[in-house]
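One structure is given here, and the rest of the page talks about it.
The model shown is predicted, which means the values in this text are computed figures rather than measured ones. We count ligands from 1, going down the list as the structure has it; atoms in each ligand are counted the same way. Index from 1, following the sequence.
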Amino acid sequence: MNFSIQHFESLDSTNKEVLRQAKDGAQQGLTIVAEQQTHGKGRLGRKWETVDHALAMSVLLRPSIDTAKVSQLSLVSAVAAHEALSLFAPQTRIKWPNDLLIDGKKVCGILTEMQQGKHGLAVVVGLGINVSEPASGWAKDMRTPPTHLHAYSQHHISKDDVLQAILESLNTWYSRFIQDGFFPIRHAWEKAHIANGQTVSVHDGNTYIQGIALGLADDGALRLLVNGEEQRIIAGDVSLMESKT
Ligand code: BT5
């Protein structure tokens, strides 16, 4: 994939900018990076804080896949981000579906969105990565305690180093997904998952379900053992019971 990178000082949201340009026919590989986001988006309508020294980036993909499989691209992105961030902090782990944690603290969040238009299917993968300690401090009400890459590295890390590492890994794992399907992604994801075999609590917006995380189903759902029976979780937030993340 050829990445065409555009840098902005400030945007509402890098995901929104990619979707705007996709509507006008932008090609796969368009990458939007912003220093600031006034309306950074999390999943399920939540807010993403683009603190200073953070990387906010979004990449446009135009896969020829069934829209039912688009959610698998979130897991492809998590595997790619895991590989890239592990270069700087080898302890990085994935928490379902696509949070990246170090020592149980959140260093990166991923939001995948899609749009159908006259130029076909557009999928945007947006990543927010905390690179260094924000001078302004963190918001108080984060659901999972936040952290940054520099806390785990002896070396200086520039935002551009992180951007390049993410794009390289995304290219590798996206190509693998397009050529070989979800199987290799599932395998890599499970190896990097923080909670396999651990008791977790899943909040689906209404209720909390407690069970043992078994791994991923073929379609990317979380397999959870609840009272001896396997359940599939399609959407929700996972907390590890042991570490309360
Ligand atoms: C996510 O949502 O983690 C997806 C975040 C994706 C952000 C990127 S930045 C580039 C691109 N453009 C966008 O507009 N979005 C994407 P979720 O799992 O819903 O987590 C959101 C929650 O994470 C918030 O409710 C906070 O508790 C917490 N949070 C917000 N900012 C954070 C930060 N900088 N570091 C750690 N946690 C944060």
Side-chain angles (χ1 to χ4, degrees), residues 5-22 30-61 71 73-75 77-78 80-82 84-85 89 92-115 122-152 159 162-163 166-167 170 194 200 202-205 222 233-240 244-245:
I5 305 174
Q6 296 179 12
H7 283 270
F8 289 79
E9 199 49 49
S10 180
L11 280 174
D12 47 359
S13 148
T14 54
N15 269 32
K16 282 191 181 172
E17 179 62 21
V18 164
L19 291 174
R20 283 191 289 264
Q21 295 200 26
L30 168 69
T31 302
I32 301 289
V33 179
E35 294 299 317
Q36 296 290 332
Q37 295 183 113
T38 52
H39 293 85
K41 292 195 280 179
R43 295 180 304 128
L44 311 167
R46 289 188 290 243
K47 204 173 148 199
W48 181 258
E49 309 277 349
T50 311
V51 290
D52 45 341
H53 309 303
L55 176 63
M57 60 179 287
S58 299
V59 180
L60 174 61
L61 303 174
S71 63
L73 284 168
S74 295
L75 303 162
S77 315
H82 173 260
L85 299 189
T92 306
R93 311 293 294 158
I94 300 175
K95 183 169 74 106
W96 188 85
N98 52 12
D99 279 351
L100 278 299
L101 306 187
I102 311 176
D103 267 357
K105 298 178 203 149
K106 185 157 167 171
V107 68
C108 166
I110 304 177
L111 176 67
T112 306
E113 299 179 282
M114 70 169 178
Q115 163 181 287
V123 177
V124 54
V125 173
L127 300 103
I129 300 145
N130 304 321
V131 178
S132 305
E133 175 101 54
S136 49
W138 303 100
K140 296 272 175 289
D141 54 350
M142 303 266 190
R143 291 165 49 249
T144 304
T147 192
H148 58 93
L149 283 177
H150 259 130
Y152 299 87
K159 285 201 244 181
V162 180
L163 172 67
I166 296 270
L167 293 181
L170 191 61
I194 202 166
V200 297
V202 183
H203 188 222
D204 69 0
L222 179 68
I233 307 293
I234 300 165
D237 291 302
V238 169
S239 310
L240 295 185
K244 302 268 184 288
T245 56

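- Here Asp103 does not pair with Arg93 in a salt bridge; the nearest charged N to carboxylate O distance is not below 4.0 Å.
- Under 4.0 angstrom from ligand 1, the non-hydrogen atoms of Arg46 all belong to its side chain.
- Close contacts of ligand 1 with Gly40, meaning ligand atoms under 4.0 Å from a residue heavy atom, involve 14 (O).
- Counting non-hydrogen atoms of other residues, nucleotides and ligands closer than 6.0 Å to NE2 of His203 gives a total above 12.
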(message) Apply side chain to side chain donor-acceptor pair (under 3.5 Å) to residues Asp52 and Ser136 and explain how you reach the verdict.
(response) CA-CA 7 Å; Asp52 45 341; Ser136 49; 3.2 Å; yes
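- Between Ala54 and ligand 1 there is no heavy-atom distance shorter than 4.0 Å.
- Ranking the protein heavy atoms by distance from atom 22 (C) of ligand 1 puts Arg143 NH1, 3.8 Å first.
- Considering backbone and side-chain atoms alike, Asp237 places every N or O at 3.5 Å or more from each N or O of ligand 1.
- Scanning the protein for heavy atoms near atom 32 (C) of ligand 1, the closest one is Trp48 CZ3, 3.4 Å.
- Remark: ligand 1 atoms within the under-4.0 Å shell around heavy atoms of Met142 are 26 (C), 27 (O), 28 (C), 29 (N), 30 (C), 31 (N), 32 (C), 33 (C), 37 (N), 38 (C).
- Annotation for ligand 1: atoms under 4.0 Å from non-hydrogen atoms of Met57 are 10 (C).
- Residue nearest to atom 14 (O) of ligand 1, selected from Lys16, Lys41, Glu17, Lys105: Lys41 (by heavy-atom distance).
- Protein heavy atom at the shortest distance from atom 18 (O) of ligand 1 is Arg43 NE, 3.1 Å.
- Closest to atom 36 (C) of ligand 1 by heavy atom, among Pro146, Gly42, Gly45, Pro134, is Pro146.
- Looking only at heavy atoms of the protein, atom 34 (N) of ligand 1 is closest to Glu49 O, 2.9 Å.
- Between Asp99 and Thr144, the side chains place no donor N or O within less than 3.5 Å of an acceptor N or O (distance only, hydrogens not considered).
- For ligand 1, one of its N or O atoms has an N or O atom of Thr14 under 3.5 Å away.
- Checked against a 3.5 angstrom limit, the closest N/O atoms of Gln37 and ligand 1 fall inside it.
- Scanning the protein for heavy atoms near atom 8 (C) of ligand 1, the closest one is Gly128 N, 3.6 Å.
- Using a 4.5 Å heavy-atom cutoff, the side chains of Val125 and Leu61 are in contact.
- You'll find the side chain of Tyr152 reaches within 4.5 Å of the side chain of Lys105, heavy atoms only.
- With hydrogens and angles left out, the side-chain atoms of Ser132 and His150 include a donor and acceptor closer than 3.5 Å.
- Atom SG of Cys108 is separated from atom NE2 of His148 by 15.0 Å, given to the nearest 0.5 angstrom.
- Under 3.5 Å, the side chains of Ser58 and Asn15 contain a donor-acceptor pair of N or O atoms.
- At a heavy-atom cutoff of 4.0 Å, ligand 1 is contacted by the side chain of Asp99 but not by its backbone.
- Between the side chains of Glu49 and Gln37, not a single donor N or O lies within less than 3.5 Å of an accepting N or O.
- Regarding atom 1 (C) of ligand 1, its nearest protein heavy-atom neighbour is Lys106 NZ, 3.8 Å.
- Contacts between Lys47 and ligand 1, counted as non-hydrogen atom pairs separated by less than 4.0 Å, involve the backbone only.
- Asp237 places a side-chain heavy atom less than 4.5 Å from the side chain of Arg46.
- Of the heavy atoms in Asn130, only side-chain atoms (C-beta onward) come closer than 4.0 Å to ligand 1.
- The side chain to side chain contact (heavy atoms under 4.5 Å, CB included) test with Ile194 singles out one residue from Leu101, Leu100, Ile94, and that residue is Leu101.
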